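All values reported here derive from a predicted model rather than from experimental measurement. Convention: sequence-line order gives letters A, B, ...; per-chain numbering from 1.
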Protein chains: 2
Amino acid sequence: MTRSGKAAQRSAGAAPTAAQEEGNRRAELVRAAGRLFREKGYEATTIRDIAHAVGMRSGSPFYHFKSKQEMLKAVMLQGLEQVRRALEDAAAGKRSPRERLRAMVRAHLSTILEPGADFVPVLLYEWRALPDEMRADIIAVKDRYEAIWDAMLRELKQAGLLRRDDTVTRLFVLGALNWVVQWYRPGERYSVEEIAGRAVEFILSQSGEAR
Amino acid sequence: MTRSGKAAQRSAGAAPTAAQEEGNRRAELVRAAGRLFREKGYEATTIRDIAHAVGMRSGSPFYHFKSKQEMLKAVMLQGLEQVRRALEDAAAGKRSPRERLRAMVRAHLSTILEPGADFVPVLLYEWRALPDEMRADIIAVKDRYEAIWDAMLRELKQAGLLRRDDTVTRLFVLGALNWVVQWYRPGERYSVEEIAGRAVEFILSQSGEAR
DNA sequence: CCTACCGATCGGTAGG
DNA sequence: CCTACCGATCGGTAGG
């Protein structure tokens, strides 16, 4: 699924070009780095861990990345692109404000909780490890992401479903959602779908009737 | 302020005993460790950093702690005791449910945001670094902390101020609050007091009149 | 609590 | 992308 995009770039059946192979290897490294950074944390993960996870030797990742920090940056950028795309898709559907909120909450939670969804959690919890200069590139994308939420909150307020639609409210909302990664365990008691429903209910000031 | 408790243990004017001096040094190490763990993260902080912060040489902290992990555990336990005590004090005041909630939110946020309040943020964000065996000791204290919130939520629901009072609701509430450490900057735009007020408003399903 | 030290490991590089 | 390697640093210990 993650790969279908890549695969579609080459004509069917043709052997991949050298550049494509290289891109694949790079993508594999980012994926492995994301998983390890999430599981063990950036500092506790070694380049050797990442290299071995994709069948390389310790020095080889530096052929694809200049430094460990560049790998972190790549993971974070991928996480941001992923969650932003998911959110835009969710918001695009023609639905009522409430239904659109629910779709966005579900999209956000999925990107954080689904097995293999490692990029965004790394983005959320490894800021400290990122050098100042690299943050600017990330903040630009982050702003676009938050703008989608701000638009949603404005809409909800106009519909009388939310008391306030300012920045602090958005931070409370995203805080409640992002915190779910701390307690959610797959297959245990609540599904992502159920948590999304409960979150919507928690966020909105008027319960309204179901659905 | 943090020290007045300690000082009160000895009779006024008397020289501290050897055991008290030792306890003070240990407490200094915990404080320094808390600050550094918070700023740089557990993995990125070295024993040497901590030692130098209190004027010791690199090997000396091991006279007080068996390992770096034991230092982390000490920081976390102190964080939990601190936030639990603050919360119990806040909840103890004879007030309306809404006022009690506000006091608890303020207490929780203060323990996380006030300058020098490093223990709880470490507790929140360094779980990964703590070995399994040490978690049990911490979880026992954590349960007592969460029980206070559960009681508060039950009360709010009975008063018709909250739609639900189950575990997921508590997790949303604490998520929104704990996330504030990610965006709050002292002296910038919002005070802790203001954020507490906004959080209460966000949490409750009925706005009611001011105050 | 210091001095002196150790084994292990880490991010990164040169040279192919 | 591998081999071979380097300088630096780290958590921890012995012996006082």
Exercise. How does DNA chain C read in dot-bracket, base by base from 5' to 3', with Watson-Crick or G-U pairs under 3.5 Å and | used when the partner is on another strand?
Worked result: ||||||||||||||||
Exercise. Taking the side chain as C-beta and beyond, is there a heavy-atom pair between A:Arg144 and A:Leu80 under 4.5 Å?
Worked result: no
Exercise. Heavy atoms, side chains only, cut-off 4.5 Å: are A:Arg25 and A:Met56 in contact?
Worked result: yes
Exercise. Rounded to the Å, how far apart are B:Glu43 CD and C:dT9 P?
Worked result: 15 Å
For this session: Quickly work out the A:Arg26 CZ to D:dC1 P distance and round it to whole Å.
Result: 13 Å
Problem set entry | Nearest-angstrom distance from the residue atom NZ of B:Lys68 to P of C:dA8 | 19 Å
For this session: Quickly, which of B:Glu133, B:Arg128, B:Met134 forms a side-chain contact (heavy atoms from CB on, under 4.5 Å) with B:Leu130? Name it, please.
Result: B:Met134
Exercise. Looking at side-chain heavy atoms only, is the closest gap between B:Glu146 and B:Arg170 below 4.5 Å?
Worked result: yes
Exercise. Can you check the B:Ile47 CD1 to C:dT9 P distance for me, whole Å?
Worked result: 18 Å
Exercise. Between D:dG12 atom C1' and B:Glu70 atom CD, what is the distance in whole Å?
Worked result: 14 Å
Problem set entry | Name of the residue among A:Arg84, A:Gln78, A:Arg85 meeting side chain to side chain donor-acceptor pair (under 3.5 Å) with A:Glu81 | A:Arg84
For this session: Check whether the ring centres of A:Phe202 and B:Phe202 lie less than 6.0 Å apart, and answer yes or no.
Result: yes
For this session: Kindly indicate whether the side chain of A:Trp149, heavy atoms from C-beta on, has any atom under 4.5 Å from the side chain of A:His108.
Result: yes
Seminar exercise, completed: From CG of B:Leu36 across to P of D:dG11 the rounded distance in Å is 12 Å
Problem set entry | DNA chain C-proximal residues of residues 53-67 of chain A, any heavy atom under 4.0 Å | A:Gly59, A:Phe62, A:Ser67
Exercise. Between A:Val122 and A:Tyr42, is any pair of side-chain heavy atoms under 4.5 Å apart?
Worked result: no
Exercise. Base, sugar-phosphate, or nothing: which does B:Arg25 touch, judged by heavy atoms less than 4.0 Å apart?
Worked result: sugar-phosphate
Exercise. If you take all heavy atoms of A:Phe62 and A:Ser67, which pair is closest and at what distance?
Worked result: CE2-CA, 4.0 Å
Exercise. Whole-Å distance between D:dG11 P and B:Arg48 CZ?
Worked result: 7 Å
Problem set entry | Interatomic distance, A:Met71 CE vs C:dC10 P [rounded to whole Å] | 15 Å
